[in-house]
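The structure appears right after this line, and notes come after that.
We count residues from 1, following the sequence as given. A quick note: this is a predicted structure, and the numbers were derived from the prediction, not measured. In each ligand, atom 1 is the first atom listed, and ligand 1 is the first ligand listed. Hydrogens, waters and symmetry mates play no part in the numbers below; they use all other heavy atoms, side chains included.
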Amino acid sequence: MGPITIPVFGSETLPAACETVIVGGGIIGVATAMFLAERGHDVVLLEKGHIAGEQSSRNWGWCRQARRDPREFDLIRESLRLWRGMNERVGGDTGFATCGTLFGARDEATSQRYAAWVGEAAQAGISAEMVTRDRVQALLTGDCAPPPTGLYCASDGRAEPQWAAPLMARHAQAKGAQIFTDCALRGIETAGGRIVSVVSERGTIACRNVVVAGGAWTRRILRDLDIHIPQLKVRASVSRTQPLPGGPDLCFWDKSLGVRKRRDGGYTLANGLLNTVPLTPDSFRFMRPYLAILAMDWRHLRLSMGHDFFSEWANAAPVPLDRPSPYEACRVLDPAPDLRFVRSTLALFRRRFPQLAGARLVQVWGGMIDAMPDTVPIISPVDGVGGLIVATGFSGHGFGIGPGAGHLVADMVTGAAPIVDPHSYRITRYFDGTMPRPYGGV
Ligand SMILES: Cc1cc2nc3c(=O)[nH]c(=O)nc-3n(C[C@H](O)[C@H](O)[C@H](O)COP(=O)(O)OP(=O)(O)OC[C@H]3O[C@@H](n4cnc5c(N)ncnc54)[C@H](O)[C@@H]3O)c2cc1C
């Protein structure tokens with residue numbers, strides 16, 4: 001079972017019409033609903049399971065600038081500004097705290113790459129620094145094998161994934177958004193080259209705009225509109241410990257270890273590098289755009305062939321909209337964690353922090369990351385389908401930029417001046433040969 005989220009109780013009666021339908025109640029869909037509702041926009045959000053049931057409650061909870069692709073600099077800067085005011089905005093505790101992040105470097109090449117990133121970030125107004133052993137030691141309280149140098153970003157933060165999106169959703173409801181949980185979108189209907197309605201399992205809603213923020217399901221939703229984005233899934237494994245006094249308070253990453261102090265006093269732990277890639281028919285279809293990232297990262301990806309291949313293959317065909325969709329058959333995508341990664345991570349954490357050797361795991365879970373080949377999201381209208389906006393492919397780092405991304409989508413829907421330049425997030429880069437290489441700078 002996945003992490004327990006703050007409950008959000010959905011509305012009962014589906015409206016016959018609204019201005020905008022959002023598909024997906026993860027942080028991206030919820031943040032969009034929140035900013036639209038605050039502007040008095042008539043918005044409905046459909047979530048097939050519960051709010052933040054998938055990636056948005058299963059992530060590590062880092063809200064980081066450090067090591068980010070420069071194409072996301074503006075968006076993360078705006079997002080952190082929004083995070084800092086989030087508790088006040090939603091009238092609740094999202095767990096956000098400015099705690100700093102530290103990326104350890106154990107070899108000269110990594111240290112040099114981090115130093116180059118610090119320089120690039122400084123030009124964009126993001127302040128970070130390289131720190132050496134004494135400072136690293138002071139930041140990583142009790143670490144008996146600290147890295148000799150590291151990239152430290154004091155203004156980075158963390159929030160509690162099981163609290164943040166649900167509280168934003170409750171705030172959106174208070175501002176007038178209608179949220180429907182256990183209510184899957186089955187399909188999107190168009191006429192004359194623009195959106196006219198959506199069909200959900202509870203009925204049809206006429207609308208002018210649809211925002212598809214379906215996380216790992218977005219590829220399938222768009223395929224029914226003959227839009228083929230090269231999105232794949234990556235399975236990540238996470239665990240958490242009981243409350244443990246006396247360890248480091250910041251978020252830190254050191255290749256084989258990703259650690260975050262939780263508000264409950266425990267730690268969220270993960271292997272910093274190893275993830276599992278379930279092979280599916282799309283893995284072969286999209287092999288080409290992923291070659292650059294595979295060349296960079298192949299050592300850390302474990303390929304798995306099994307259930308996912310056959311279930312995706314079986315669910316690929318379009319389903320008539322008056323019949324149950326594959327989305328209804330999987331209310332919450334709850335992949336099994338890889339226990340080998342979980343065990344080795346706990347053992348390493350105990351070795352590195354002898355004062356926390358009594359750490360034990362109180363929960364483990366898996367999460368399915370929605371990946372794009374250049375590891376930058378799509379936040380974009382779609383040529384030829386008026387009223388359609390896609391917000392997906394956050395490639396394992398969409399929690400931190402969720403507030404900014406939601407604001408940007410709301411700007412696109414309402415025609416407001418965009419909070420940041422959206423050019424890097426255009427969907428067309430996958431179709432017109434302008435997709436940049438993945439950022440290999442760090
Ligand atoms: C293990 C792990 C660690 C991570 N760590 C971090 C981190 O530390 N920092 C960070 O910034 N990011 C992190 N991420 C990434 C981050 O969690 C995601 O990028 C972000 O949550 C994506 O939000 P989303 O709203 O796009 O997708 P999701 O949260 O996956 O939400 C999509 C929603 O759409 C719904 N949906 C899909 N299809 C339909 C349909 N047909 N009808 C109705 N609803 C539908 C789904 O049920 C789901 O709830 C991590 C991710 C994982 C898995």
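Note: Trp117 and Phe73 have perpendicular aromatic rings, judged against thresholds of 30 and 60 degrees for the angle between ring planes.
For residues 84-105, the salt bridge (Lys or Arg N to Asp or Glu O under 4.0 Å) pairs, not counting sequence neighbours, are Glu38-Arg89, Asp93-Arg263.
No option in Glu201, Glu54, Glu328 other than Glu54 meets the salt bridge (Lys or Arg N to Asp or Glu O under 4.0 Å) test with Lys48. For the ring pair (Phe, Tyr, Trp, His ring centres under 6.0 Å) test with Phe399, the passing option among Phe394, Trp83, Phe96, Trp60 is Trp83; the others fail.
Distances from atom 41 (N) of ligand 1 to the heavy atoms of Asn275, Ile51, Leu185 show the closest one on Leu185. When the heavy-atom distances from atom 17 (O) of ligand 1 to Leu333, Ile188, Asn59, Val212 are ranked, the shortest goes to Asn59. When the heavy atoms of Gly215, Ala184, Ser56, Gly25 are ranked by distance to atom 20 (C) of ligand 1, first place goes to Ser56.
Judged by the shortest distance from any of its heavy atoms, Gly396 lies inside the 4.0 Å radius around the atoms of ligand 1. A heavy-atom separation below 4.0 Å is found between Ile27 and ligand 1.
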* To do: For the pair Arg429 and Asp374, evaluate salt bridge (Lys or Arg N to Asp or Glu O under 4.0 Å) and give the outcome as yes or no after the intermediate values.
  => CA-CA 10 Å; Arg429 69 192 195 267; Asp374 53 357; 2.6 Å; yes
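In this structure, the protein non-hydrogen atom closest to atom 24 (P) of ligand 1 is Ile28 CG1, 3.6 Å.
Taking only nitrogen or oxygen atoms, main chain and side chain alike, Gln55 reaches within less than 3.5 Å of ligand 1.
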